[in-house]
Undergrad: 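Just dropping this structure here.
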Amino acid sequence: QHQLMAWDGNFKGNALGGTLWYFGLISDNSIKRVDLNSVTYILYIDRNSCNSNQINEIGLFMANPLGVDPQRSPLVAYRPFTNIQKTNDFALVFKWTLNF
């Protein structure tokens, strides 16, 4: 958990009024270099996670690029989609390729 970074590097308040956000971590083996200018990130939400929740957006955050304390992360990619009612009947896999 750490703070959400605004566009200018300063703290951006939480929509719920708190100061800390929770972030899932993408393990190193789920980050693949596709070519010289592309990287793919794979986020796996297993059958037992996020159940009874509607999922309708995904975001990719950069981990504390300014090295501040407390940690602060900016949103670097975002995608909304149609509601998915998450249950333990299935897992979700999100693959995100960034081209530079």
Side-chain angles (χ1 to χ4, degrees):
Q1 68 181 20
H2 50 282
Q3 296 179 342
L4 184 61
M5 182 186 298
W7 65 270
D8 60 359
N10 289 316
F11 168 68
K12 180 176 180 162
N14 178 324
L16 301 175
T19 58
L20 295 176
W21 290 60
Y22 294 91
F23 295 85
L25 296 177
I26 299 175
S27 62
D28 289 342
N29 64 347
S30 293
I31 302 171
K32 310 282 185 207
R33 185 176 185 159
V34 179
D35 59 35
L36 289 176
N37 301 318
S38 301
V39 178
T40 296
Y41 299 87
I42 301 169
L43 177 61
Y44 177 73
I45 301 175
D46 66 40
R47 293 173 56 135
N48 299 315
S49 298
C50 300
N51 291 325
S52 301
N53 288 297
Q54 273 192 4
I55 301 172
N56 59 15
E57 62 184 351
I58 186 86
L60 190 62
F61 292 82
M62 184 182 296
N64 200 25
L66 300 179
V68 296
D69 186 26
Q71 293 186 47
R72 194 172 291 160
S73 295
L75 179 67
V76 295
Y78 174 79
R79 174 72 187 225
F81 48 85
T82 305
N83 289 342
I84 298 171
Q85 184 65 40
K86 180 68 176 76
T87 70
N88 63 1
D89 293 330
F90 62 94
L92 288 172
V93 177
F94 295 97
K95 292 177 92 175
W96 209 315
T97 300
L98 299 180
N99 299 304
F100 304 94

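Numbers here are sequence positions counted from 1.
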Undergrad: Could you state the interatomic distance from OG1 (Thr87) to CZ (Arg47), rounded to the nearest 0.5 Å?
TA: 8.0 Å
Undergrad: On a heavy-atom basis, which atom in Asp46 and which in Lys86 lie closest, and how many Å separate them?
TA: O-NZ, 3.3 Å
Undergrad: Please answer: with hydrophobic residues joined when any side-chain heavy atoms are less than 4.5 Å apart, are Val34 and Leu98 in the same cluster?
TA: no
Undergrad: What pair of heavy atoms forms the shortest contact from Val39 to Ile31, and how long is it?
TA: CG1-CG2, 3.6 Å
Undergrad: What's the spacing between Phe81 CZ and Glu57 CD if we round to 0.5 Å?
TA: 8.0 Å
Undergrad: Mind listing the closest non-hydrogen atom pair of Ala77 and Trp96 along with its distance?
TA: CB-CZ2, 3.2 Å
Undergrad: Of the non-hydrogen atoms in Pro74 and Pro65, which two are nearest, and what is the gap between them?
TA: CD-CD, 3.5 Å
Undergrad: Between Ile42, Leu60, Ile45, which is the residue that forms a side chain to side chain contact (heavy atoms under 4.5 Å, CB included) with Phe94?
TA: Ile45
Undergrad: Of all residues at least two apart in sequence or in a different chain, which pass the side-chain hydrogen bond (donor to acceptor under 3.5 Å, both in side chains) check with Thr82?
TA: none
Undergrad: Decide yes or no on side-chain hydrogen bond (donor to acceptor under 3.5 Å, both in side chains) for Ser38 and Asn99, but give the supporting numbers first.
TA: CA-CA 4 Å; Ser38 301; Asn99 299 304; 2.4 Å; yes
Undergrad: Do Arg72 and Leu66 come within less than 4.5 Å of each other through their side chains, counting heavy atoms only?
TA: no
Undergrad: Is it the case that one hydrophobic cluster holds both Ile26 and Met62, taking links as side-chain heavy atoms less than 4.5 Å apart, direct or via other members?
TA: yes
Undergrad: If we only count heavy atoms from C-beta on, is the Lys95 to Val93 side-chain gap below 4.5 Å?
TA: yes
Undergrad: Is any side-chain heavy atom of Ile55 closer than 4.5 Å to one of Leu92?
TA: yes
